[in-house]
Amino acid sequence: MLSGSTSVSQAHHQRSARRVQSSRVEKSVCQIHQSSSRVSSSRESSSRVSSARITSGMKASMFSAKGQEEVSLKPLPKRVKPLCLAVDQDTEIIGYVVPAFRTRSAHYSHALAQEETREETLGHIAMRELFSTQTETMEMHRVEKKSREMVMRESANSISLKRKIHEKQEFERRMNTDSLIHPPEFMVKPKSYTVWEKQSVKLHCTVAGWPKPRVTWYKNNVCIDPKAHPEKYTVESNYNMHSLEIKNCVFEDTAQYSASALNIKGGMSAISSIVVKRYKEYELLHPGKPHGFSPEYGVTFEAHIVDKFSVSFGTEGETLSLGCTMIVYPTVKGYQPEMLWYRNDTLVKPSKWVSMHWTGQRASLTLAHLNKEDEGLYTLRINTKSGYNSHSAYVFVRDADVEVEGSPVAPLDVRCQDVNKDYVVVTWKHPAVEGASAILGYFVDRCEMGSTHWTQCNDTPVKFARFPVTGLVEGRTYSFRVSAINKFGISHASRASEPVVAMDPSDRARRGHSLAPWTGQIIVTEEEPAAGVVPGEPSDLAVTEATKNYVVLSWKPPGQRGHEGLMYYVEKLISGTETWQRVNTELPVRSPRFALFDLAEGNSYSFRVRCANSAGVGEPSAATAEITIGDKLDLPQAPSHVIPIRLTDSAMVVSWTSVQDSSVVGYYIEYSVVGSNVWAPCNNKPVKGNRFVCHGLNAGDTCVFRVKAVNAAGYSLDSEESEEALIKSGILTADSPHSVRVQESVRDYKILTWEEPKLNGGGRNHRATSWTTVTVAGEVKGQWHELNTKAITECSYKAENLKENVFYEFSVRAINQAGVSESSHPCAPTECKEYTVTVPGTPHSMHVQEVRSNSMVLLWEPPVYQGRSAVNGFYVDIKEAEAPEGAWRGVNEKATTKKCMKIDNLKEGVAYVVRVCAQNLAGVGATIELKDSVLAQTRPGTHEIYVDAVFTDPSLEDLAIYSCVVTNTDGVSSSYTLTEEGLKLLLDISHDHKFPKIPFKSELAVEMQEKGRVRFWLQTEKITPNCEVEYVFNDNIITQGEKYTMNFDKATGIIEMFMDSLEVLDEGTFSFNLVDGKATGCSSLVLIGEEFREMQRKSEFERKEWVRKQGPHFIEYLSFEVTAECNVLLKAKVGNLCPDTDITWYKDGLEVDDQDNLSFIDGYMSLNISKITKKDAGVYEVQLKDSRGKDKSTLDLTDKGFQELMNEVFRVIANSATELIVTSTEEGIILHTTVVYYIQDLRVGWLYKDAKITQSKHLEAGVTGVELWLKINEPTEKDKGKYAIDIFDGKDGIRRVYELAGQAWEEAFAEFQRLKAAAIAARNRARVLGGLPDVVAIQEGKSLNLTGNIWGDPIPQIKWTKNEKDISLDDRYDLKFEAGKFASISIDTVTKMDSGKYSLVVTNKYGTETGNFTVSVYIPEAEEEEGEQEQKDKK
C-alpha cells in the first residue's frame, strides 16, 4: 500500500532518481484503460484494485467488490505529457505514475455529481504519494475522500488567491508602466523633527523603483532592528510608503536617521535628523541641578565636581592638562558615570593630540603639543543615570616664539573641503598676529600619507585663506599645512590638516554610508551597453570662486558617458577674441572641478568644458558668462562700540557691535596698557559673537581694547579704541539671606535670627535692615516697612515696639558696596503675645565640620530663649535623608552639656540629616534641623591636621577631644580624641624613648662587585665596642665559612657579608641583628622573586665578564665614525692582545680580505669604507681568538643601523658645503657650492626668499660631481633676492645663503649680459659657411659659376674681389645674392685674363669674414700647339 506519511516533494525526488537509473526502459507508456465500479453507499466498504496485465494495447479494468460493472475510460488529450515508469535499482518495474482519465459513461458522471464524496484521480494520488518499494509488481494506491464542504472551501480559497494575484499584477503594471528596471528614487523624503522627551515621532517616506526596492532604516549608520527592540521601534511598509515610529523618545534618540532603498538597479539614501529636547535644559546644565531617581539602580545619583580646573594658559608646543575631581553619591558597585569633554560645545574625541583619563575619582584631559586650534571653552560633563553636572573654563594658547624677529605667527584651523579625485580646496584662518609688517600671503604644503616629505603647492603666496590644490593622484591620502609670510620672514607651519583621500565624492559616500550593510556583497547595477560611446556635454558649468590669483570652475558630468572614466578639457576665451584656448592640454582633469591660475588681473574671460574618453572628445558645454579677474570678496568692516566691563583682578569682559557680514569667521581682541603703545592679542583663535572674557591681565593696569573682524580675504580695520579701564575685580550684589526665623516672641518684641547669604557679591557684607509686614484679622496684609535705619553686622535682631495680638512676617536683605540684595523669603507669620512656654527655644547656628566617610562633628549655639530655667543639656538625633520621619534615632542617650558632638558609625556615601533640641528643668524644647543634608564622604585630597602637643605627665584626666580649626578656609578642620587606648600608645612611645633602638645610617643593602661577588652591608650611627651582630638567613643563623665571609668594623659601624655567587637556594630574607647593651637593632633585606633573579643574572654576567677579560677582548665594541673626507671607519678598541691573537673581519658571514683598508693603531682596529653606498650595508663582525680565549663584536648596519650611519654621512657632507658662489655664463647666473662627497640619497633643496624653489625652465637645479648648483636662466630684476640651499644633515639641515642683490647682483648681471652679447656676436657674425672651392681649374672658353653659402644676423653685405680689387656687376661678371644666404659669381666665357685670386667678403655689425679661392684658366695642349704654330707662321 502507498505510504500516507510521505510528502509529495519527497516522492517527486525519488521518481527523478529512478528515472535516471531506468535509461533502458521505454520512454513512453501506451494508452491505459481503466475501469472502476461505483463505491457502495456504505462508507465503510473499500475498493480493491486488481492487477492488470500491461500490453501494447493496454487496458485497465477496475472492479467493485461485487465485480459487476466495468466502465470504459479514454486517455487525456495528447498535449498532456505522459509520466514515466517507476523502477527500482535493477530497472524492474515496480509501479506506474498513472495519468488522469475522463470517463465515457454518463452514469458515472451522474453518480459523481450526486455523491457527497468523491475519489481523487489517480494522477493526484501519484503526485502526492510515493510508490512502495516492498511490492515487486504494481503498487497499490490509496484513495483519499474529501467532503463537499472541503471541496467548496478549497475552490473559494483558489478564487481568492487568483484575485489577489490579479490585484498584485495590476498594481505592478501601474507602478511599472514601461516594463523596464528603474533604480530606487525617493518621491517623498523623511522630514526632520524636534520633539520633547517622552513623545513619539514617526518618519515617513515614499520610494519608487522597479523591482520594488527594499527599505532599511538606520540610526547614525547603524541598522535598526525593530524585532530586537519592538518596544522602541515600529517599521511599516505598505504600497511603497514606508514609516519608522520611535516611541517614548529620550535624549539618546537624538541622531541622524536614514532610510536606505535598494534593488538590483542600485541604491539610494535619504537622511533626516531628530532632536530630543529636555524641559528646562539650561537648569539641567547648571551645577545645582536636582537629580532624578534611577529605577535601573534603585537610587538617586548625585554628581559633584570638586577641585575644578580654572582658566589655563599654554604655549604652542607645550603639553597642558585639565582635571576635576568627581564625587558621585551613592557608590554603586560596577557603575561608572560617563565623562564627556567639550571644546566650544563640540565633543572632544581622543586623538594623537588629545588623551583622556578617568581614575574613578578624577577626570583629566591632556592636550599634547598645543596648537591654537586647541584654544577655546572647555567643558567637563559628568552624566549619571539621574542627570548630569558640568564645569567650564577657558584655555588660552599663546603663539610660539618666531624664528625671525618680526615674522608672522602660524595660521590655524587648516581644513580640506570639496575633495575630488585630483582636486581639493584647502582653507584656514588668519592668525591673530601679523608680525612687524602685514602678511603678504600664504604657502600651502602637502604631504602624502606614508611620507614625511612636504611639497609646496603654490609658487607665489596667496592672499586669501583658501587655495585650490590640483594635481593629486586618485586614491592617495594627503595632509596639508599652511605657512604665512611677510617681508621679515616666514612663520612656523600650521598644524597639519586631517588626512583626506583623493577620490570621487560619490565613492566616498558609498564607502562612508553603505546602502546594504547587512550583506558583504558588491551591489551590481544594470546599465545600458555603452562601449565606444563618445561622452556628451557637461552641464551646469559655473564659476564658484574668483580671485585675482585663480578661478575655480565646477560642472556636472554628462548623462551619456559610457562605462569608462571621464577626462575633462577646459577651454578659455579672452574677451574680444574668437579663439578658444585649451588650458589643460598636458594634464587632463578627472574631477568636475578645476582651478585656473596665471590669469591676467582685470581681463575678462569665458570658459567651457569638454568631456573625453577612449572613444573621442565630446562637444563643449555651454560657455560661462564673462567674468573679470579680481577679488570678489572684500575685507570686512570694522566692529564698533567696544565696551570693557570689569570682572576680576585679571579678567575683563569686552563687548562690541558685530559686523553684519556672513563671511566673517570671527573676531580678534587686542589690548594695550595705556602709555605703552604695545598691542597684545587677548585670543589667538577667532571668536564668534559680540562678547569675550579677556583673561591674563595684570591687576592695577589701565588698559584700552580694540577689536578686528576677519574673513577669508583678511582682516578688517581695527575698531576704535575703547575707553580706558582699570583692571580690578568687579563687585556684585550679594544673594539674599535665608532661614529667617523668630527665636523668641514676647508681648511687644520679637528676636529674629537668619543665615548669611551664600554669595556675598565680592564686597564687604552688612546684614541689612529687617522688613516687616503686619497681618491683621481676616488675613489682610499691611505694607512692608523698614525696622532699622542703620545696617547691622550680626545674624540676629530684636524687633521692638510691636503691637500685641498682631501677626507679623519678617524678611531680611543684605547690603554691600554694590547695593542691596533681594529680600529673603519671609518667615511664617507669628503672633505677638506674651511668651508662656516653659521649655527652652530651639538652638541656632548649626553647622558641621570634619565630615569624613564614617563620622562628622556637629556644632550649635544654645537657644536665645532659655525658658523658665536655664538650659542644662542637649539631645542630638540623626537619620538618613531618604528615610521616613519615624527613622530618627538618638545619638546620645544622656543630655550633653557641650555645644558640639562627634557622630560616628556613619555609612560612607549616605546623606544624613541632623537635628538638635535643648532641655531645662521644665522639659525638652522643640527641635531644629540642619537645613541641608550632609554626605558622609571624605573629600578628595583631605589630610588630617597634626598639631604637636606635649604632655609632661599624661594621665586619665587628659582624656578629651582636641580640635584644630584653620581660619579663613572652607571649613578645614580636624580633631583628635584622646582615649584610654591613645593614652596607652603615648605611654608606649615614652617607653621606647627610655629604651632606645640602635639607629642606622643606612639600612641593609646589597651591591655587586668584581667577578660577580655579592656584598651585603649596612652602617650604624653610633655603637660601643661591646656591640655584637648576628647574621640570619631565613630565620637561620649563618656563620663564616666557605660560602659566607663576614666583616664588622666597629670604628666606622660598617657590617659586611660577602658571597662569591648567588644560587637558587639563596633566595630569601637576610637579616643583621645587633645588640649593644640595652639597645637593639635589626635590619632586613628581602631578596626574592624577580629582584633576586635580576641580582643573580648580574652576578653571572659580572663573572663571565671577568672570565672574558682574561683573554683578548673588546674594551669598546664595534662602532662607526665618519671622517671629514666622508670615509666611514668601523672601529673597536681591544685589549689584552698577544702576538698569537688572530683578528678576523666578517661582513654578512663572509670574511673581509681587504688589507689595504684594515688598520690597527694604538689599540684601535678599524676598517675603512671609502665613499659608502647602499651596497656597503650589512652586518659586520670582528672576532678575536687565541689560546687564552675569544671574543667578538657585531655591528648591524642594515635598516635602522644603516640609516643612522647615513645620517652621520649626511651631516659630514652638509657641514663640508662651501659658501655659495656666483658664476655668470652666457645663459644665465649659476649659484653653486661644493661638498666633499655627494650621494644620490642626499636631500637638497633650493630656496628663494625662504620659499621652496620648484624646478622649471627658468630655474634649474642639479649636481655635477661634488658641485651642487642652481642655474637662473635669462635672469631679470625679479630674480634679485636671497637664495639659499638646504642640505639635509640627518636632522634638520644645513643652510648656505647668498644675497643676490646690490653690487653682487649688478656684477653678476653685467657679466651675464657681457657673455651673452659675446655669444650672440659669435653666433651671428657674418661668415662664409662653404660652397667655394680652394682652387678652380677651368678650360678657356667655358663658363664659370660659383656659389658661396653665407650666414649672419643681420644679413651681411657682400662683395667680390679679384686680386684684391673689387668686382662690379657688368657684362662680364654676373653677381647674385639670393635669400640672404647664397652669393654667386658667373662668367660666361672665361679667358686667360680671368685667372687669379678671388675673394668673397661678407660683413655685418658683428664682424667680417673672407672666403678665398683661386681660378686657373688653361688652354688644351693641341690648341696651344696650334696657337704657337700660328704665331711662328706669322713671324
Side-chain angles (χ1 to χ4, degrees), residues 996-1117 1134-1138 1140-1141 1183-1193:
K997 298 287 185 179
I998 299 176
F1000 296 103
K1001 281 187 178 181
S1002 60
E1003 295 289 340
L1004 184 59
V1006 62
E1007 65 180 22
M1008 193 64 60
Q1009 294 185 331
E1010 191 180 18
K1011 299 183 183 181
R1013 195 181 189 196
V1014 183
R1015 173 184 180 236
F1016 296 87
W1017 69 281
L1018 62 78
Q1019 185 175 9
T1020 61
E1021 287 281 355
K1022 183 179 180 181
I1023 55 175
T1024 65
N1026 298 323
C1027 182
E1028 296 180 355
V1029 61
E1030 187 178 63
Y1031 305 92
V1032 180
F1033 172 65
N1034 288 345
D1035 297 331
N1036 296 319
I1037 299 175
I1038 54 178
T1039 57
Q1040 185 161 333
E1042 181 179 354
K1043 186 173 183 179
Y1044 302 101
T1045 302
M1046 286 78 167
N1047 181 37
F1048 186 8
D1049 188 348
K1050 297 183 179 181
T1052 59
I1054 296 177
I1055 307 173
E1056 299 173 304
M1057 183 180 72
F1058 300 93
M1059 299 175 63
D1060 291 335
S1061 63
L1062 286 177
E1063 300 175 357
V1064 177
L1065 298 178
D1066 295 326
E1067 182 177 7
T1069 303
F1070 295 85
S1071 302
F1072 290 179
N1073 297 330
L1074 286 76
V1075 178
D1076 189 5
K1078 293 183 178 180
T1080 59
C1082 178
S1083 182
S1084 300
L1085 176 67
V1086 179
L1087 205 59
I1088 60 176
E1090 186 60 31
E1091 185 178 359
F1092 171 76
R1093 287 187 287 273
E1094 180 65 22
M1095 183 64 65
Q1096 190 180 22
R1097 285 193 292 269
K1098 288 182 179 180
S1099 175
E1100 184 67 22
F1101 174 76
E1102 292 294 336
R1103 185 164 57 254
K1104 289 181 179 179
E1105 279 292 290
W1106 181 82
V1107 174
R1108 183 180 68 87
K1109 293 179 181 179
Q1110 303 309 306
H1113 63 277
F1114 288 93
I1115 300 175
E1116 296 177 5
Y1117 286 100
V1134 295
N1136 199 14
L1137 301 184
C1138 68
D1140 297 334
T1141 303
Q1183 292 186 359
L1184 308 176
K1185 185 177 182 181
D1186 60 20
S1187 58
R1188 297 169 298 161
K1190 61 181 179 180
D1191 199 2
K1192 69 177 181 179
S1193 177

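Just so you know, residue 1 is the first one in the sequence shown, and it goes up from there. Since the structure is predicted, the reported quantities are computational estimates derived from the model, not experimental observations.
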- Task: Go through Lys1190 and Gln1183 one step at a time and tell me if the side chain to side chain contact (heavy atoms under 4.5 Å, CB included) criterion holds.
- Result: CA-CA 7 Å; Lys1190 61 181 179 180; Gln1183 292 186 359; over 6 Å; no

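The backbone N or O of Thr1024 sits less than 3.5 Å from a side-chain atom of Asp1076, completing a donor-acceptor pair. No donor-acceptor pair closer than 3.5 Å links the side chain of Glu1021 to the backbone N or O of Ile998. A donor-acceptor contact shorter than 3.5 Å is absent between the side chain of Asp1191 and the backbone of Gly1111. Using modelled atom types, no side-chain atom of Lys1011 and backbone atom of Trp1106 make a donor-acceptor pair closer than 3.5 Å. Not a single donor-acceptor pair under 3.5 Å links the side chain of Asn1034 to the backbone N or O of Asn1036.
With contacts defined as side-chain heavy-atom distances shorter than 4.5 Å, the pair Glu1102/Glu1010 does not qualify.
Note that CZ of Phe1048 and OG1 of Thr1020 are 6.0 Å apart. Values are rounded to the nearest 0.5 Å.
Exactly one residue among Phe1000, Tyr1031, Phe1016 makes a side-chain contact (heavy atoms from CB on, under 4.5 Å) with Ile1055. That residue is Tyr1031.
A salt bridge links Glu1090 and Arg1097; the closest N-O separation between the charged side-chain nitrogens and carboxylate oxygens is under 4.0 Å.
At most 12 heavy atoms of other shown residues, nucleotides or ligands fall within 6.0 angstrom of atom CG in Asp1035.
Counted by atom type alone, Gln1019 and Ser1002 present zero donor-acceptor pairs between their side chains at under 3.5 Å.
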